[in-house]
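Working notes, beginning with the structure itself.
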Amino acid sequence: MEKHKLMMAVSQAFEKKIAEMRKVVATSQEMTRDAIGRLESRYDTSRVETGWVTTGLGAALGELEYNYSLFKANSARPKTYVSNGACFEAIAIPGTTRLTCFVCQGGAGLECEIDGKQLVVISPDSPIAVAALGKTAGDIFTVNDRIDYQVLSVA
């Protein structure tokens with residue numbers, strides 16, 4: 001797997017998610033100001049509640065933007081072992097279940113497709129990453145004392 005191609009795919013997924021979140025925050029802000037969100041009576045709290053949601057969405061957007069900055073600061077150099085900034089493929093033993101993961105401090109849970117494979121960004125603190133850290137191609141690791149995986153490649 002080519003590291004530059006991988007970094008571009010994850011960058012595009014981050015940028016798409018950030019753009020979507022910005023639209024949601026803007027819409028939520030409009031709802032707190034516009035006629036739909038105005039207080040109809042002294043018992044109507046929809047405007048206040050929408051304001052709370054807007055505040056939470058704004059915080060989530062800030063966190064996503066911060067995680068994207070962490071991702072961009074990560075080295076684009078190819079890796080030879082699983083570490084922060086590495087992409088790795090692994091297969092369950094026995095079986096055919098494959099994992100394609102990118103280990104990154106920010107953006108855990110973000111997904112994108114690269115070379116026809118579903119790639120998931122995982123945190124270095126996730127059970128899969130903790131088990132795989134330091135492994136190279138051919139090594140075997142166990143997740144949660146139950147599932148064994150063999151590392152197929154690291155980029």
Side-chain angles (χ1 to χ4, degrees), residues 1-32 48-155:
M1 188 174 296
E2 187 181 328
K3 187 69 176 249
H4 177 69
K5 196 176 188 181
L6 166 78
M7 298 290 282
M8 292 299 296
V10 176
S11 288
Q12 289 171 353
F14 260 115
E15 290 166 2
K16 180 181 176 188
K17 184 74 171 175
I18 288 171
E20 289 170 357
M21 282 293 289
R22 284 185 179 148
K23 286 180 187 176
V24 169
V25 169
T27 302
S28 185
Q29 288 171 337
E30 289 172 13
M31 288 179 68
T32 60
V48 175
E49 291 166 0
T50 304
W52 293 336
V53 170
T54 302
T55 301
L57 289 170
L61 174 60
E63 185 178 319
L64 186 62
E65 289 172 332
Y66 175 71
N67 287 338
Y68 185 39
S69 71
L70 287 176
F71 169 78
K72 289 192 297 187
N74 215 340
S75 173
R77 292 179 312 164
K79 309 281 185 179
T80 56
Y81 59 92
V82 179
S83 63
N84 195 22
C87 177
F88 69 94
E89 290 183 273
I91 188 166
I93 302 172
T96 59
T97 303
R98 286 182 178 252
L99 297 175
T100 305
C101 301
F102 184 82
V103 183
C104 181
Q105 189 62 44
L110 191 66
E111 296 181 9
C112 62
E113 189 173 310
I114 183 166
D115 294 337
K117 299 173 188 169
Q118 192 67 22
L119 173 92
V120 179
V121 177
I122 61 173
S123 164
D125 301 326
S126 70
I128 293 173
V130 168
L133 288 176
K135 304 293 189 247
T136 60
D139 289 350
I140 295 173
F141 63 94
T142 303
V143 179
N144 294 333
D145 296 326
R146 292 188 313 223
I147 305 171
D148 292 330
Y149 289 94
Q150 182 175 18
V151 177
L152 298 175
S153 66
V154 179

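All values below come from the heavy atoms of this structure, side chains included, with hydrogens, waters and symmetry mates left out. Computed from a predicted model, the values in this text were never measured in an experiment. Residue indices begin at 1 and follow the sequence shown.
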Q) Should Leu61 and Ile18 count as side-chain neighbours, where that means a heavy-atom distance under 4.5 Å? A) yes

Q. Of all heavy-atom pairs between Asn144 and Pro127, which one has the smallest distance, and what is that distance?
A. OD1-CB, 3.7 Å

Q) Taking all non-hydrogen atoms of both residues, which atom of Cys101 and which atom of Ile122 are closest, and how far apart? A) CB-CD1, 3.8 Å

Q: For residues Ser153 and Ala137, report the shortest heavy-atom separation together with the two atoms involved.
A: CA-CB, 4.3 Å

Q) Take atom NZ in Lys17; do more than 12 heavy atoms of anything else shown fall under 6.0 Å from it? A) no

Q) Is there a side-chain contact between Glu89 and Lys117, using heavy atoms and a 4.5 Å cut-off? A) yes

Q.
Please check this pair: side chain of Ser83 against backbone of Ala86, looking for a donor-acceptor N/O pair closer than 3.5 Å.
A. no

Q) What are the two closest heavy atoms between Gly138 and Gln150, and how far apart are they? A) O-NE2, 3.3 Å

Q | Distance (rounded to the nearest 0.5 Å) between Leu99 CG and Ile128 CD1 | A | 5.0 Å

Q | pair Tyr68-Leu64: side-chain heavy atoms closer than 4.5 Å | A | no

Q.
Between Glu113 (side chain only) and Gln118 (backbone N and O only), is there a donor and an acceptor less than 3.5 Å apart?
A. no

Q. In Å and rounded to the nearest 0.5 Å, what is the CD1 to OH distance from Ile140 to Tyr149?
A. 13.0 Å

Q: Look at the aromatic rings of Phe88 and Phe141 and report parallel, tilted or perpendicular, splitting at 30° and 60°.
A: perpendicular

Q. Is there a side-chain contact between Lys16 and Glu20, using heavy atoms and a 4.5 Å cut-off?
A. yes

Q: Decide yes or no for Arg22 and Glu65: does some side-chain heavy atom of the first lie under 4.5 Å from some side-chain heavy atom of the second?
A: yes

Q. Between Val151 and Val154, what is the shortest heavy-atom contact and its length?
A. CG1-CG2, 3.7 Å

Q: Could you pull out the closest heavy-atom pair between Ala129 and Ser123, with the gap in Å?
A: CB-O, 3.2 Å

Q: To the nearest 0.5 Å, tell me how far Ile91 CD1 sits from Arg98 CZ.
A: 4.5 Å

Q | Under 3.5 Å donor-acceptor, Ser28 side chain and Val24 backbone | A | no

